[in-house]
Amino acid sequence: MDGDVRLLGIDDLGACQRLAEDREWGREDHKWRFLFAVGDVYGVEDGNGELAAAAVCTPYGEDVAAISMVLVAKRFERRGLGGRLMRHAMDNAGTASICLTATEYGRPLYERLGFRSVGLCTTYKGVSAGPSGRGVSVLVEATDMAAVHALDTEVFGADRSRLVDGLPSFCETLRVVRDETGIVGYGGAWRNDAEAVVGPVIAQDAETALTLVDEVVPEGPIRVDVDHRHPELTAWAGEHGLRPAFTTTVMEYGDPIANDPSRLFLPVAQALG
Ligand SMILES: CC(C)(COP(=O)(O)OP(=O)(O)OC[C@H]1O[C@@H](n2cnc3c(N)ncnc32)[C@H](O)[C@@H]1OP(=O)(O)O)[C@@H](O)C(=O)NCCC(=O)NCCS
């Protein structure tokens, strides 16, 4: 498969979803639309009107990019297509660092490209009884967004303006915790196919983070992506009857990212950091 790598548009959404289904991934309509809105989706045609491969790159200014949804159709795998698409996405990002979350299929490929493992992330799934908080957090207001943005940049280590601006419409629930100094945490949850994903959660400490999780979690099937550096979230998942579904490897490339993992409790999505 030697077609050119092409920047895809929202008209290619259906082809991306068929490719994802070919690898037993869900359709994830809401997530794909957000990825198209905030980043760059690349693909290689198969010559018959379908995609042979796709990958998403979401650059956050000049510092960090997140790469995700690296997919090669089964009929074209192990021919170097994944590697070619990754190099294209990495070159076009032009950032000092790149982050991603690797499946067991992707990890050897990323290691060959120079990515290093920085941690593990276990995805927990189960059925939630709904929010149980005491109303410490409040719904985000438009006037909070500048402070949410500042906190996000400080903790994530890069300017995610476009993504943060999109969170109030992407998330089903987006709440903040305030004290006399201002916003000390924000958290949300969003719909992905039949389940709700809990995240992002960024907060000054674990108590604030768990308060946010308790107050944004909706009733019904949920998914939570827990970085192993946050045992308090692993405990929360266990206490709420969630079960580990799979584990991925958190990887970085290039300069060390100037983030603060201790305050980065849950990603927006594994695809976005
Ligand atoms: C992970 C994935 C994208 C890799 O795509 P790919 O096109 O097969 O990747 P490549 O061909 O560049 O490399 C894969 C392997 O094929 C080998 N290869 C590359 N060109 C080859 C060729 N011409 N002949 C034989 N083998 C070849 C590579 O050396 C590599 O071998 P290794 O896995 O033993 O190290 C693909 O398997 C996939 O879509 N998996 C499901 C979705 C997924 O998990 N994606 C990763 C998300 S993080």
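This is a predicted model, so every value here is computed, not measured. Both counts, for ligands and for their atoms, begin at 1 and track the order of listing.
Side-chain N/O atoms of Asp165 and His149 include no donor and acceptor closer than 3.5 Å. For the residue pair Glu62/Thr95, the side-chain donor-acceptor check at 3.5 Å is not satisfied.
With sequence neighbours excluded, the residues that form a ring-ring contact (aromatic ring centres under 6.0 Å, His included) with His88 are Tyr42.
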Which atom pairs, donor and acceptor, lie under 3.5 Å between side-chain atoms of residues 229-237 and protein residues at least two apart or in another chain?
{"from": "Arg229", "atom 1": "NE", "to": "Asp227", "atom 2": "OD1", "distance (Å)": "3.0"}
{"from": "Arg229", "atom 1": "NE", "to": "Asp227", "atom 2": "OD2", "distance (Å)": "3.4"}
{"from": "Arg229", "atom 1": "NH2", "to": "Asp227", "atom 2": "OD2", "distance (Å)": "2.8"}
{"from": "His230", "atom 1": "ND1", "to": "Glu232", "atom 2": "OE2", "distance (Å)": "2.6"}
{"from": "His230", "atom 1": "NE2", "to": "Pro261", "atom 2": "O", "distance (Å)": "2.8"}
{"from": "His230", "atom 1": "NE2", "to": "Leu264", "atom 2": "O", "distance (Å)": "3.1"}
{"from": "Trp236", "atom 1": "NE1", "to": "Asp214", "atom 2": "OD1", "distance (Å)": "2.9"}

What pairs of donor and acceptor atoms, side-chain ones from residues 96-106 against any protein atom, are under 3.5 angstrom apart with sequence neighbours left out?
{"from": "Ser97", "atom 1": "OG", "to": "Asp255", "atom 2": "O", "distance (Å)": "2.6"}
{"from": "Thr103", "atom 1": "OG1", "to": "Tyr105", "atom 2": "N", "distance (Å)": "3.4"}
{"from": "Thr103", "atom 1": "OG1", "to": "Gly106", "atom 2": "N", "distance (Å)": "3.2"}

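Ligand 1 is surrounded by Arg23, Trp25, Val70, Leu71, Val72, Glu77, Arg78, Arg79, Gly80, Leu81, Gly82, Gly83, Thr101, Ala102, Thr103, Tyr105, Gly106, Leu109, Tyr110, Arg112, each with at least one heavy atom closer than 4.0 Å.
In this structure, Ser68 and Gln270 have side chains that are not in contact, with every pair of non-hydrogen atoms separated by 4.5 Å or more.
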